[in-house]
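Take a look at the structure below.
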Amino acid sequence: MKVGNDGANDKRPNDARPGGDGGDGLPLTAREQRFDIRIARDGTWFHEGDPIRRIELVKLFATVLRRDEAGDFWLVTPVERGRIVVEDTPFVVVEMAASGNGDEQVLSFRTNLDEWVECGPDHPIRVVHNPENGEPTPYILIRNGLEARILRSVYYELVDRADTRGHDGEAEVGVWSKKVFFALGRLPGG
């Protein structure tokens, strides 16, 4: 993978360069590229079909990872940008820590790249249910439209900490974090 291009020393702002800003908030460079990088559903990063084994390199790439309004994933540096393939989410949650109780509880999550986030208004949890079998898949927002899929073992920890509350004649199961209730699902016949 080539890094940099002929415009690497161009100190003008992106909108002053030929091509400017593509309207998606991602800087354009002389040449848009498609990097042969894929992030598998389990959070493993691949380059040209082989796993990237240096975690420091993966962490570096993650710092320049962006998602545009169309849902495409990009690695963006000041001098180039290239598309990558992400099978589900770029990160997975591998650990949870909790402090406090009830609506005062704070849930913290660690990703496979050792980044911690505290669940709350800026880092909400959402659960998507498979339309075919109803199976839940939970996600948490990490930053700038980038989410992490919460591994099943961590999801079970969440369910163990869940509260039930009534809402519009139904019972809703969820967790509190930073005074926000995050629904995990509904109870049948609730």
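Given the structure is predicted, the values throughout are model-derived calculations rather than measurements. Side chains are part of it too, since the values below use all heavy atoms of this structure and drop only hydrogens, waters and symmetry mates.
Note that CD1 of Ile125 and CZ of Phe109 are 4.0 Å apart. Values are rounded to the nearest 0.5 Å. Here the CD1-CZ distance, from Ile39 to Phe61, works out to 10.5 Å after rounding to the nearest 0.5 Å. One distance of note links CG of Leu60 with OG1 of Thr63; it measures 5.0 Å at 0.5 Å rounding. In this structure, OG1 in Thr44 is found 12.5 Å from CG in Asp50, a value given to the nearest 0.5 Å.
Connection of Leu65 to Phe35 is established within a shared hydrophobic cluster, with ILVMFWY side chains joined at heavy-atom distances below 4.5 Å, either directly or through further cluster members. Note on Leu184 and Leu141: separate hydrophobic clusters, where clusters join Ile, Leu, Val, Met, Phe, Trp and Tyr whose side-chain heavy atoms are under 4.5 Å apart, directly or indirectly. Cluster annotation: Leu151 is not connected to Val128 through the hydrophobic network of ILVMFWY side chains, with a link wherever side-chain heavy atoms come within less than 4.5 Å. Under a hydrophobic clustering in which Ile, Leu, Val, Met, Phe, Trp and Tyr are joined whenever their side-chain heavy atoms come within less than 4.5 Å, directly or via other members, Ile84 and Phe46 fall into different clusters.
Across Pro90 and Trp45, no two heavy atoms sit closer than the pair O-NE1, 3.9 Å. Heavy atoms only, all atoms of each residue included: Ile55 and Leu113 are closest at CD1-CD2, 3.5 Å. In plain terms, the two heavy atoms of Glu95 and Val154 that are nearest each other are N-CG2, 3.8 Å. A pairwise comparison of heavy atoms in Gly102 and Trp176 identifies O-CB, 3.2 Å as the closest pair. Among all heavy-atom pairs drawn from Gly43 and Val92, the shortest one is N-CG1, 4.2 Å. Nearest heavy-atom pair, Ala98 versus Gln105, reported as atom, atom and distance to 0.1 Å: CB-OE1, 4.3 Å.
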List the steps and the verdict of side-chain contact (heavy atoms from CB on, under 4.5 Å) for Arg161 and Met96.
CA-CA 11 Å; Arg161 299 192 72 80; Met96 181 183 82; 3.6 Å; yes
Take Val85 and Ile37, measure what side-chain contact (heavy atoms from CB on, under 4.5 Å) needs, and give me the verdict at the end.
CA-CA 6 Å; Val85 173; Ile37 294 178; over 6 Å; no
Applying side-chain contact (heavy atoms from CB on, under 4.5 Å) to Leu146 and Phe73, what does each step give before you reach the verdict?
CA-CA 9 Å; Leu146 301 175; Phe73 291 90; 3.8 Å; yes
So Phe91 and Val117, side-chain contact (heavy atoms from CB on, under 4.5 Å) or not? Walk me through it.
CA-CA 12 Å; Phe91 313 111; Val117 296; over 6 Å; no
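A salt bridge is defined here as a Lys NZ or Arg NE, NH1 or NH2 lying under 4.0 Å from an Asp or Glu carboxylate O, and Lys179 with Asp103 fails to meet this definition. Salt bridge present: Lys178 and Glu118 bring a charged side-chain N and a carboxylate O closer than 4.0 Å. Residues Arg67 and Asp72 are not paired through a salt bridge, judged by the lack of any N-O separation under 4.0 Å between the basic side chain and the carboxylate. Here Arg152 pairs with Glu135 in a salt bridge; the nearest charged N to carboxylate O distance falls below 4.0 Å.
For the pair Arg66 and Trp74, the cation does not sit on the ring face, since its NZ or CZ is not both under 6.0 Å from the ring centre and inside 45° of the axis. For the pair Arg149 and Tyr139, the NZ or CZ position fails the cation-pi test of under 6.0 Å to the six-membered ring centre and within 45 degrees of the ring normal. Both the sub-6.0 Å distance and the 45° axial angle are satisfied by Arg165 relative to the ring of Phe181.
A donor-acceptor distance shorter than 3.5 angstrom exists from the side chain of Ser177 to the backbone of Leu107, with no hydrogens or angles considered. No side-chain donor-acceptor contact under 3.5 Å links Glu87 to the backbone of Ala40. A donor-acceptor pair is defined here as one N or O able to donate and one able to accept, closer than 3.5 Å; no such pair exists between the side chain of His47 and the backbone of Ile52.
At least one side-chain heavy atom of Glu115 sits less than 4.5 Å from a side-chain heavy atom of Ile142. At least one side-chain heavy atom of Leu158 sits less than 4.5 Å from a side-chain heavy atom of Ile150.
In this structure, Asn130 places its CG atom where more than 12 heavy-atom neighbours from other residues, nucleotides or ligands lie under 6.0 Å away. Residue Lys59 places its NZ atom among more than 12 non-hydrogen atoms of other residues, nucleotides or ligands, all under 6.0 Å distant.
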